[in-house]
Amino acid sequence: MRTPIIAGNWKMHKTLDESVAFVRELAPRLEPFAGVERVVCPTFVSLAAAADALRGTPIKVGAQNVSHEEKGAFTSQIAPDMLAGLVEYVIIGHSECRQYLGETDELINKKAHAALNHGLKPIIAVGESLQQREAGEALPFVERQVRAALADISAEQMAQVVIAYEPIWAIGTGLNASVADAAEVCGHIRSIVRDIYGDAVAGALRIQYGGSVKPGNMLDYMGAEDIDGALVGGASLKVDDFTTLVELAAQAKGV
Ligand code: 13P
């Protein structure tokens, strides 16, 4: 049985004060749903304060990115050992970072290694564009992203990895993928991982869906066998919505 994982990616939202106030309100609301792993990913500016405010609660914290470099002249970047001990998770390869920051598959693989080497659990995001989906290239494209991101990651390390399938055209657009499409790609991701690492690793891997997830569609996604949770943008910025998503995940997965 895989523990469902719901992570809120706040992207570039909430000031320091807003972040702290938000997690203080959120934590007691999420507390009852112990069968679901609950993660919030604030901006770097708010990470330490949010982590402080959440200490002693079951809510975990993740960062939205990490450098693959250890230290040095990399203006604006955050090294993995700066996050170690502060956060448990880190999102890597988000389509917005691929698109706006020019992050490549090769770089994302380096970041995954850097994170794992410092005890951080990567949430590796993959997903196709609308053009690729319409051209029938979604599965092979996502497969290339997954294989590249996982290059030289060991079976043992895979226990720490989460993969998030986020079709680019469904992010922040309200155009969520159909459950059948999302389930197909998530099932394909699991079969790729089975091909590389075998049944045990594939069976234990947690795969999230992301892209316009909201209370009204959450149960449908969570009903799919290969979807173990959600990576949520917009709906994670509201206490009521995020709480409902966690509650629905618990309900759907019977935890
Ligand atoms: P939305 O839930 O706002 O579509 O964002 C999804 C996402 O990109 C999460 O990482």
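In each ligand, atom 1 is the first atom listed, and ligand 1 is the first ligand listed. Values reported hereafter were calculated over all heavy atoms of this structure, with side chains retained and with hydrogens, waters and symmetry mates removed.
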Can you tell which part of N9 has a heavy atom less than 4.0 Å from ligand 1: side chain, backbone, both or neither?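 Contact part for N9 vs ligand 1: side chain (C-beta onward).
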For ligand 1, the portion of A170 having any non-hydrogen atom under 4.0 Å away: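 Just the backbone.
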Q77 side chain to F74 backbone, donor-acceptor under 3.5 Å: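 Pair absent, no side-chain N/O of Q77 close to backbone of F74.
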Should you measure from each heavy atom of [X], which atoms of ligand 1 turn up under 4.0 Å away?
X	result
G234	1 (P), 2 (O), 3 (O)
E166	6 (C), 7 (C), 8 (O), 9 (C), 10 (O)
G211	4 (O), 6 (C)

To the nearest 0.5 angstrom, please state how far the [atom1] atom of [X] sits from the [atom2] atom of [Y].
X	Y	atom1	atom2	value
K238	T243	NZ	OG1	12.5 Å
L237	K14	CG	NZ	5.0 Å
I123	I163	CD1	CD1	11.5 Å

Should the ring pair Y209 and Y221 be called parallel, tilted or perpendicular, given that the plane angle runs from 0 to 90° and is split at 30 and 60?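 Plane angle under 30°, so parallel.
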Is the Lys NZ or Arg CZ of K60 less than 6.0 Å from the centre of Y89's six-membered ring, within 45° of the axis?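 No cation-pi geometry.
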In terms of side-chain heavy atoms, does H94 have a donor or acceptor partner in Q64 at a distance below 3.5 Å?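 No pair is found: no donor N or O on one side chain lies under 3.5 Å from an acceptor on the other.
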Quick check: S212 and ligand 1, any N/O pair under 3.5 Å apart?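 Yes, since at least one N or O of S212 sits under 3.5 Å from an N or O of ligand 1.
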Answer yes or no: does an N/O atom from G233 fall short of 3.5 Å to an N/O atom of ligand 1?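 N/O-N/O distance below 3.5 Å exists for this pair.
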Under 4.0 Å, counting heavy atoms only: does K214 come that close to any atom of ligand 1?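 Contact check K214 vs ligand 1: negative.
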So is G172 close enough to ligand 1, meaning a heavy atom under 4.0 angstrom away?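 The answer is yes, since G172 has a heavy atom less than 4.0 Å from ligand 1.
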Please report which non-hydrogen protein atom sits nearest to atom 5 (O) of ligand 1, along with the residue it belongs to and the distance in Å to one decimal place.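 The closest heavy atom on the protein side is K11 NZ, 3.2 Å.
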